[in-house]
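Contents: one structure, followed by commentary.
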Amino acid sequence: MGNDISSRHRLFATACHQAGWSVRQAWLGYVSLGGRCDIFDVEAFLEGLVMLGAHEQDVLAVALNERLQDLYLGRLVPYLHTDGLDPASSPTATEALTELLAQAEHDRAEGKADA
Amino acid sequence: MSEHPGQSGARRGSDEGSVELTAVLREMGAVVLATETVETIVELVIRSAVATIPTTTGAGVTLVDARGARSVAASDALVEQTDAAQYQLGTGPCLTAWRDQVTVRIDDVRTETRWPEWCASAAELGVRSTVSVPLVTGNASTGAIKVYSTVPDAYDERDEHLLTLFAQQAAILLVNTQTLADARRLSADLSHALGNRDVIGQAKGALIAQGAANDEAAFAMLVSASQRSQTKLHEVARQLMASVSERRTSAAPTKD
(Lines give C-alpha, C1' and ligand atoms only; values in the text may rest on other atoms or scores of the structure.)
Protein backbone atom coordinates (compact mmCIF):
# COMPACT_ATOMS: atom_id res chain seq x y z
CA MET A 1 0.00 0.00 0.00
CA GLY A 2 1.42 3.37 -0.97
CA ASN A 3 2.06 5.92 1.73
CA ASP A 4 1.80 9.00 -0.48
CA ILE A 5 -0.97 11.48 0.12
CA SER A 6 -3.10 10.60 -2.90
CA SER A 7 -3.59 6.96 -1.90
CA ARG A 8 -3.84 7.69 1.84
CA HIS A 9 -6.50 10.35 1.55
CA ARG A 10 -8.53 8.20 -0.83
CA LEU A 11 -8.55 5.34 1.71
CA PHE A 12 -9.78 7.70 4.42
CA ALA A 13 -12.30 9.49 2.22
CA THR A 14 -13.78 6.14 1.13
CA ALA A 15 -14.01 4.93 4.74
CA CYS A 16 -15.66 8.21 5.74
CA HIS A 17 -18.20 7.80 2.96
CA GLN A 18 -18.92 4.19 3.92
CA ALA A 19 -19.29 5.23 7.54
CA GLY A 20 -21.96 7.70 6.43
CA TRP A 21 -20.09 10.44 8.27
CA SER A 22 -19.89 14.13 7.43
CA VAL A 23 -16.54 15.85 7.93
CA ARG A 24 -17.85 17.23 11.22
CA GLN A 25 -18.82 13.77 12.49
CA ALA A 26 -15.46 12.32 11.46
CA TRP A 27 -13.66 15.15 13.22
CA LEU A 28 -15.73 14.69 16.39
CA GLY A 29 -14.91 10.98 16.40
CA TYR A 30 -11.23 11.81 15.93
CA VAL A 31 -11.24 14.46 18.67
CA SER A 32 -12.95 12.09 21.09
CA LEU A 33 -9.98 9.73 20.73
CA GLY A 34 -7.45 12.47 21.42
CA GLY A 35 -6.84 13.86 17.91
CA ARG A 36 -5.17 17.28 18.00
CA CYS A 37 -5.76 18.75 14.51
CA ASP A 38 -8.65 21.11 13.86
CA ILE A 39 -11.59 20.36 11.59
CA PHE A 40 -10.08 22.30 8.66
CA ASP A 41 -6.93 20.16 8.70
CA VAL A 42 -9.01 16.98 8.79
CA GLU A 43 -11.20 18.21 5.95
CA ALA A 44 -8.17 19.22 3.87
CA PHE A 45 -6.64 15.79 4.50
CA LEU A 46 -9.83 14.01 3.38
CA GLU A 47 -9.77 16.20 0.25
CA GLY A 48 -6.14 15.22 -0.41
CA LEU A 49 -4.80 18.76 0.05
CA VAL A 50 -2.58 18.34 3.10
CA MET A 51 -0.90 15.43 4.87
CA LEU A 52 -1.55 14.63 8.52
CA GLY A 53 1.22 13.23 10.75
CA ALA A 54 1.36 9.44 11.06
CA HIS A 55 -0.03 9.46 14.60
CA GLU A 56 -2.90 11.82 13.77
CA GLN A 57 -3.78 9.61 10.78
CA ASP A 58 -3.87 6.59 13.08
CA VAL A 59 -6.20 8.34 15.51
CA LEU A 60 -8.55 9.21 12.64
CA ALA A 61 -8.27 5.63 11.36
CA VAL A 62 -9.32 4.21 14.75
CA ALA A 63 -12.33 6.54 14.84
CA LEU A 64 -13.42 5.45 11.36
CA ASN A 65 -12.74 1.76 12.00
CA GLU A 66 -14.77 1.76 15.22
CA ARG A 67 -17.67 3.37 13.35
CA LEU A 68 -17.42 0.87 10.46
CA GLN A 69 -17.27 -2.00 12.96
CA ASP A 70 -20.45 -0.70 14.64
CA LEU A 71 -22.22 -0.61 11.29
CA TYR A 72 -20.94 -4.08 10.40
CA LEU A 73 -21.84 -5.65 13.77
CA GLY A 74 -25.27 -4.09 13.54
CA ARG A 75 -25.86 -6.08 10.38
CA LEU A 76 -24.84 -9.47 11.75
CA VAL A 77 -27.64 -11.99 12.27
CA PRO A 78 -27.89 -13.01 15.96
CA TYR A 79 -27.96 -16.74 16.85
CA LEU A 80 -31.08 -18.14 18.50
CA HIS A 81 -29.86 -21.28 20.32
CA THR A 82 -26.10 -21.19 20.28
CA ASP A 83 -24.97 -19.46 23.48
CA GLY A 84 -21.57 -17.88 23.53
CA LEU A 85 -21.30 -17.69 19.77
CA ASP A 86 -23.13 -14.42 19.38
CA PRO A 87 -20.94 -12.53 16.93
CA ALA A 88 -22.07 -9.21 18.35
CA SER A 89 -20.96 -9.98 21.91
CA SER A 90 -17.45 -8.86 22.83
CA PRO A 91 -15.10 -10.79 25.17
CA THR A 92 -13.96 -9.07 28.34
CA ALA A 93 -11.12 -6.63 28.05
CA THR A 94 -9.61 -7.51 31.42
CA GLU A 95 -7.16 -9.98 29.95
CA ALA A 96 -5.96 -7.51 27.39
CA LEU A 97 -5.65 -4.83 30.06
CA THR A 98 -3.60 -7.00 32.37
CA GLU A 99 -1.29 -7.71 29.47
CA LEU A 100 -1.17 -4.03 28.66
CA LEU A 101 -0.04 -3.04 32.15
CA ALA A 102 2.43 -5.92 32.27
CA GLN A 103 3.88 -4.81 28.93
CA ALA A 104 4.26 -1.23 30.12
CA GLU A 105 6.07 -2.41 33.26
CA HIS A 106 8.25 -4.69 31.17
CA ASP A 107 9.17 -1.79 28.87
CA ARG A 108 10.07 0.33 31.88
CA ALA A 109 12.25 -2.44 33.35
CA GLU A 110 14.05 -2.76 30.02
CA GLY A 111 14.57 0.99 29.87
CA LYS A 112 16.15 0.87 33.37
CA ALA A 113 18.35 -2.08 32.37
CA ASP A 114 19.63 -0.13 29.35
CA ALA A 115 20.52 2.86 31.52
CA MET B 1 -54.63 31.76 16.32
CA SER B 2 -57.68 34.01 16.73
CA GLU B 3 -60.93 33.44 14.90
CA HIS B 4 -61.20 35.59 11.81
CA PRO B 5 -64.45 36.92 10.42
CA GLY B 6 -63.91 35.71 6.85
CA GLN B 7 -65.05 32.13 7.35
CA SER B 8 -68.20 32.67 5.28
CA GLY B 9 -66.05 32.75 2.18
CA ALA B 10 -66.55 36.45 1.45
CA ARG B 11 -63.35 38.39 0.80
CA ARG B 12 -62.22 40.55 3.66
CA GLY B 13 -61.11 44.13 3.43
CA SER B 14 -57.36 44.79 3.31
CA ASP B 15 -57.43 46.30 6.82
CA GLU B 16 -58.67 43.10 8.36
CA GLY B 17 -56.13 41.19 6.32
CA SER B 18 -53.23 43.21 7.66
CA VAL B 19 -54.48 42.90 11.24
CA GLU B 20 -54.58 39.15 10.70
CA LEU B 21 -51.07 39.11 9.24
CA THR B 22 -49.74 41.15 12.15
CA ALA B 23 -51.16 38.60 14.56
CA VAL B 24 -49.60 35.77 12.57
CA LEU B 25 -46.19 37.42 12.50
CA ARG B 26 -46.38 38.12 16.22
CA GLU B 27 -47.13 34.45 16.85
CA MET B 28 -44.16 33.46 14.70
CA GLY B 29 -41.90 35.71 16.76
CA ALA B 30 -43.07 34.09 19.99
CA VAL B 31 -42.28 30.62 18.68
CA VAL B 32 -38.54 31.32 18.64
CA LEU B 33 -38.65 31.69 22.41
CA ALA B 34 -40.81 28.68 23.11
CA THR B 35 -40.59 25.45 21.13
CA GLU B 36 -37.94 25.61 18.47
CA THR B 37 -38.51 22.51 16.39
CA VAL B 38 -38.84 22.68 12.63
CA GLU B 39 -41.99 20.54 12.87
CA THR B 40 -43.69 23.07 15.14
CA ILE B 41 -42.83 25.92 12.79
CA VAL B 42 -44.06 24.11 9.70
CA GLU B 43 -47.30 23.25 11.44
CA LEU B 44 -47.77 26.87 12.51
CA VAL B 45 -46.99 28.12 9.00
CA ILE B 46 -49.61 25.83 7.47
CA ARG B 47 -52.23 26.62 10.07
CA SER B 48 -51.64 30.34 9.68
CA ALA B 49 -51.68 30.22 5.88
CA VAL B 50 -55.10 28.57 5.88
CA ALA B 51 -56.43 31.11 8.37
CA THR B 52 -54.92 34.18 6.69
CA ILE B 53 -56.22 33.54 3.17
CA PRO B 54 -59.93 32.79 3.57
CA THR B 55 -60.61 31.13 0.21
CA THR B 56 -57.99 28.50 0.97
CA THR B 57 -58.98 24.86 1.38
CA GLY B 58 -55.57 23.55 2.38
CA ALA B 59 -51.91 24.49 2.65
CA GLY B 60 -48.59 22.69 2.60
CA VAL B 61 -44.89 23.28 3.08
CA THR B 62 -42.11 21.54 1.18
CA LEU B 63 -38.58 21.72 2.60
CA VAL B 64 -35.61 20.77 0.48
CA ASP B 65 -32.23 20.21 2.16
CA ALA B 66 -28.75 20.59 0.70
CA ARG B 67 -28.84 17.07 -0.76
CA GLY B 68 -32.18 17.65 -2.51
CA ALA B 69 -34.17 15.46 -0.11
CA ARG B 70 -37.73 16.64 0.39
CA SER B 71 -39.82 16.65 3.48
CA VAL B 72 -43.40 17.71 3.37
CA ALA B 73 -46.11 18.73 5.77
CA ALA B 74 -49.70 19.33 4.74
CA SER B 75 -52.92 20.52 6.34
CA ASP B 76 -55.05 17.71 4.91
CA ALA B 77 -55.14 14.62 2.70
CA LEU B 78 -56.04 16.61 -0.43
CA VAL B 79 -52.83 18.65 -0.19
CA GLU B 80 -50.83 15.47 0.49
CA GLN B 81 -52.20 13.77 -2.61
CA THR B 82 -51.69 16.83 -4.80
CA ASP B 83 -48.10 17.10 -3.57
CA ALA B 84 -47.46 13.40 -4.03
CA ALA B 85 -48.47 13.82 -7.68
CA GLN B 86 -45.82 16.56 -8.08
CA TYR B 87 -43.03 14.44 -6.63
CA GLN B 88 -44.05 11.46 -8.70
CA LEU B 89 -44.02 13.51 -11.89
CA GLY B 90 -40.96 15.47 -10.79
CA THR B 91 -42.64 18.65 -11.93
CA GLY B 92 -45.36 21.00 -10.74
CA PRO B 93 -46.00 24.59 -9.60
CA CYS B 94 -44.53 24.10 -6.12
CA LEU B 95 -41.30 22.52 -7.38
CA THR B 96 -40.97 25.33 -9.92
CA ALA B 97 -41.51 27.94 -7.18
CA TRP B 98 -38.71 26.35 -5.13
CA ARG B 99 -36.28 25.73 -8.01
CA ASP B 100 -36.68 29.03 -9.87
CA GLN B 101 -37.46 31.14 -6.78
CA VAL B 102 -40.61 32.57 -8.36
CA THR B 103 -44.21 32.86 -7.26
CA VAL B 104 -46.51 30.60 -9.25
CA ARG B 105 -50.26 31.14 -9.44
CA ILE B 106 -52.72 28.88 -11.24
CA ASP B 107 -56.22 30.37 -11.50
CA ASP B 108 -57.79 27.21 -12.87
CA VAL B 109 -56.04 23.89 -13.39
CA ARG B 110 -58.59 23.04 -16.16
CA THR B 111 -57.44 25.90 -18.37
CA GLU B 112 -53.78 26.09 -17.28
CA THR B 113 -51.29 25.18 -20.03
CA ARG B 114 -48.14 24.75 -17.88
CA TRP B 115 -47.52 21.38 -16.12
CA PRO B 116 -50.32 19.62 -18.09
CA GLU B 117 -49.82 16.23 -16.40
CA TRP B 118 -49.88 17.65 -12.89
CA CYS B 119 -52.88 19.88 -13.70
CA ALA B 120 -54.81 16.86 -14.95
CA SER B 121 -54.21 14.87 -11.75
CA ALA B 122 -54.92 17.92 -9.55
CA ALA B 123 -58.23 18.49 -11.34
CA GLU B 124 -59.08 14.85 -10.77
CA LEU B 125 -58.42 15.27 -7.05
CA GLY B 126 -60.72 18.29 -6.91
CA VAL B 127 -58.17 21.13 -6.77
CA ARG B 128 -58.98 24.13 -8.97
CA SER B 129 -56.60 26.95 -8.07
CA THR B 130 -53.29 27.30 -6.23
CA VAL B 131 -50.47 29.69 -5.32
CA SER B 132 -46.91 28.55 -4.55
CA VAL B 133 -44.28 30.87 -3.06
CA PRO B 134 -40.58 30.00 -2.53
CA LEU B 135 -39.03 30.05 0.95
CA VAL B 136 -35.92 32.14 0.32
CA THR B 137 -33.20 33.29 2.72
CA GLY B 138 -30.18 35.06 1.31
CA ASN B 139 -29.62 33.49 -2.07
CA ALA B 140 -30.77 30.03 -1.09
CA SER B 141 -34.21 28.57 -1.63
CA THR B 142 -35.02 26.11 1.12
CA GLY B 143 -38.43 25.04 -0.12
CA ALA B 144 -41.86 26.42 -0.89
CA ILE B 145 -45.20 27.08 0.72
CA LYS B 146 -48.43 26.59 -1.21
CA VAL B 147 -52.14 27.06 -0.74
CA TYR B 148 -54.85 25.17 -2.61
CA SER B 149 -58.50 25.88 -3.22
CA THR B 150 -61.35 23.77 -4.58
CA VAL B 151 -62.81 26.76 -6.43
CA PRO B 152 -61.28 28.47 -9.49
CA ASP B 153 -59.87 32.03 -9.26
CA ALA B 154 -59.58 31.77 -5.48
CA TYR B 155 -56.41 33.90 -5.37
CA ASP B 156 -55.54 37.36 -6.64
CA GLU B 157 -52.43 39.54 -6.58
CA ARG B 158 -53.16 40.64 -3.04
CA ASP B 159 -53.12 37.04 -1.83
CA GLU B 160 -49.88 36.45 -3.72
CA HIS B 161 -48.38 39.43 -1.95
CA LEU B 162 -49.69 38.28 1.42
CA LEU B 163 -48.29 34.79 0.96
CA THR B 164 -44.92 36.24 -0.13
CA LEU B 165 -44.68 38.36 3.04
CA PHE B 166 -45.65 35.31 4.98
CA ALA B 167 -43.04 33.12 3.28
CA GLN B 168 -40.29 35.67 3.99
CA GLN B 169 -40.96 35.48 7.73
CA ALA B 170 -41.38 31.71 7.66
CA ALA B 171 -38.08 31.22 5.79
CA ILE B 172 -36.11 33.30 8.30
CA LEU B 173 -37.77 31.45 11.15
CA LEU B 174 -37.02 28.04 9.65
CA VAL B 175 -33.37 28.84 8.98
CA ASN B 176 -32.89 30.20 12.51
CA THR B 177 -34.55 27.14 13.97
CA GLN B 178 -32.32 24.83 11.99
CA THR B 179 -29.21 26.79 13.00
CA LEU B 180 -30.24 26.62 16.64
CA ALA B 181 -30.91 22.88 16.44
CA ASP B 182 -27.52 22.38 14.74
CA ALA B 183 -25.73 24.37 17.43
CA ARG B 184 -27.43 22.37 20.18
CA ARG B 185 -26.50 19.09 18.55
CA LEU B 186 -22.88 20.19 18.08
CA SER B 187 -22.70 21.19 21.72
CA ALA B 188 -24.05 17.82 22.88
CA ASP B 189 -21.73 15.93 20.50
CA LEU B 190 -18.73 17.95 21.71
CA SER B 191 -19.44 17.26 25.40
CA HIS B 192 -19.66 13.56 24.62
CA ALA B 193 -16.44 13.64 22.57
CA LEU B 194 -14.57 15.54 25.28
CA GLY B 195 -15.71 13.05 27.95
CA ASN B 196 -14.21 10.18 25.97
CA ARG B 197 -11.10 12.18 25.16
CA ASP B 198 -10.60 12.89 28.85
CA VAL B 199 -10.58 9.26 29.94
CA ILE B 200 -8.31 8.30 27.03
CA GLY B 201 -5.92 11.08 28.09
CA GLN B 202 -5.91 9.73 31.65
CA ALA B 203 -5.26 6.18 30.45
CA LYS B 204 -2.34 7.35 28.29
CA GLY B 205 -0.94 9.18 31.32
CA ALA B 206 -1.23 6.04 33.46
CA LEU B 207 0.56 3.98 30.81
CA ILE B 208 3.36 6.56 30.55
CA ALA B 209 3.70 6.50 34.34
CA GLN B 210 4.05 2.72 34.05
CA GLY B 211 6.84 3.05 31.49
CA ALA B 212 5.31 3.64 28.06
CA ALA B 213 7.75 5.70 26.01
CA ASN B 214 5.42 8.58 25.12
CA ASP B 215 1.90 9.66 24.27
CA GLU B 216 1.95 7.96 20.87
CA ALA B 217 3.28 4.68 22.26
CA ALA B 218 0.60 4.73 24.97
CA PHE B 219 -2.08 5.31 22.31
CA ALA B 220 -0.73 2.40 20.25
CA MET B 221 -0.93 0.14 23.34
CA LEU B 222 -4.55 1.12 23.92
CA VAL B 223 -5.38 0.46 20.24
CA SER B 224 -3.77 -2.96 20.42
CA ALA B 225 -5.74 -3.87 23.60
CA SER B 226 -8.91 -2.57 21.98
CA GLN B 227 -8.38 -4.76 18.93
CA ARG B 228 -7.57 -7.90 20.91
CA SER B 229 -10.58 -7.57 23.18
CA GLN B 230 -12.91 -6.16 20.50
CA THR B 231 -13.72 -3.34 22.88
CA LYS B 232 -13.98 0.33 21.98
CA LEU B 233 -10.88 2.37 22.70
CA HIS B 234 -12.59 4.65 25.22
CA GLU B 235 -14.02 1.60 27.00
CA VAL B 236 -10.53 0.05 27.24
CA ALA B 237 -9.29 3.33 28.69
CA ARG B 238 -12.16 3.38 31.21
CA GLN B 239 -11.41 -0.19 32.32
CA LEU B 240 -7.71 0.58 32.59
CA MET B 241 -8.43 3.56 34.86
CA ALA B 242 -10.77 1.41 36.97
CA SER B 243 -8.11 -1.26 37.39
CA VAL B 244 -5.44 1.35 38.23
CA SER B 245 -7.54 2.84 41.02
CA GLU B 246 -8.38 -0.66 42.25
CA ARG B 247 -4.68 -1.54 42.51
CA ARG B 248 -4.00 1.66 44.40
CA THR B 249 -6.81 0.93 46.89
CA SER B 250 -5.63 -2.63 47.54
CA ALA B 251 -1.96 -1.51 47.77
CA ALA B 252 -2.63 1.35 50.20
CA PRO B 253 -2.64 -0.59 53.56
CA THR B 254 0.76 -2.19 52.86
CA LYS B 255 2.69 1.05 52.39
CA ASP B 256 5.85 1.38 54.41
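Chain A is the first sequence line, chain B the second, and so forth, proteins listed ahead of strands; every chain is numbered from 1. Everything numeric in this text was worked out from a predicted model, so none of it was measured.
Of the two parts of B:L190, the backbone and the side chain both hold a non-hydrogen atom closer than 4.5 Å to a non-hydrogen atom of chain A. At a 4.5 Å heavy-atom cutoff, B:A242 makes no contact with chain A through either its backbone or its side chain. If you measure heavy-atom distances from A:V62 to chain B, the contacts under 4.5 Å come from the side chain alone. In this structure, chain A has heavy atoms under 4.5 Å from both the backbone and the side chain of B:L233.
Taking the side chain to side chain contact (heavy atoms under 4.5 Å, CB included) definition, one finds that A:R67 meets it with A:A19, A:W21, A:L71, sequence neighbours left out.
The residues A:E66 and B:K232 are annotated as not salt-bridged, no charged nitrogen and carboxylate oxygen being separated by less than 4.0 angstrom. A salt bridge does not link B:R238 to B:D198: none of the charged nitrogens lies less than 4.0 Å from a carboxylate oxygen.
Among the candidates B:V199, B:I208, B:D215, B:V223, the residue making the largest number of heavy-atom pairs closer than 4.5 Å to chain A is B:D215. Your options are B:L222, B:D189, B:L186, and the one with the most heavy-atom pairs under 4.5 Å with chain A is B:L186.
Listed by first and then second residue, the ring pair (Phe, Tyr, Trp, His ring centres under 6.0 Å) pairs involving residues 175-197 of chain B amount to none (not counting sequence neighbours).
No side-chain heavy atom of B:W98 sits less than 4.5 Å from a side-chain heavy atom of B:T62.
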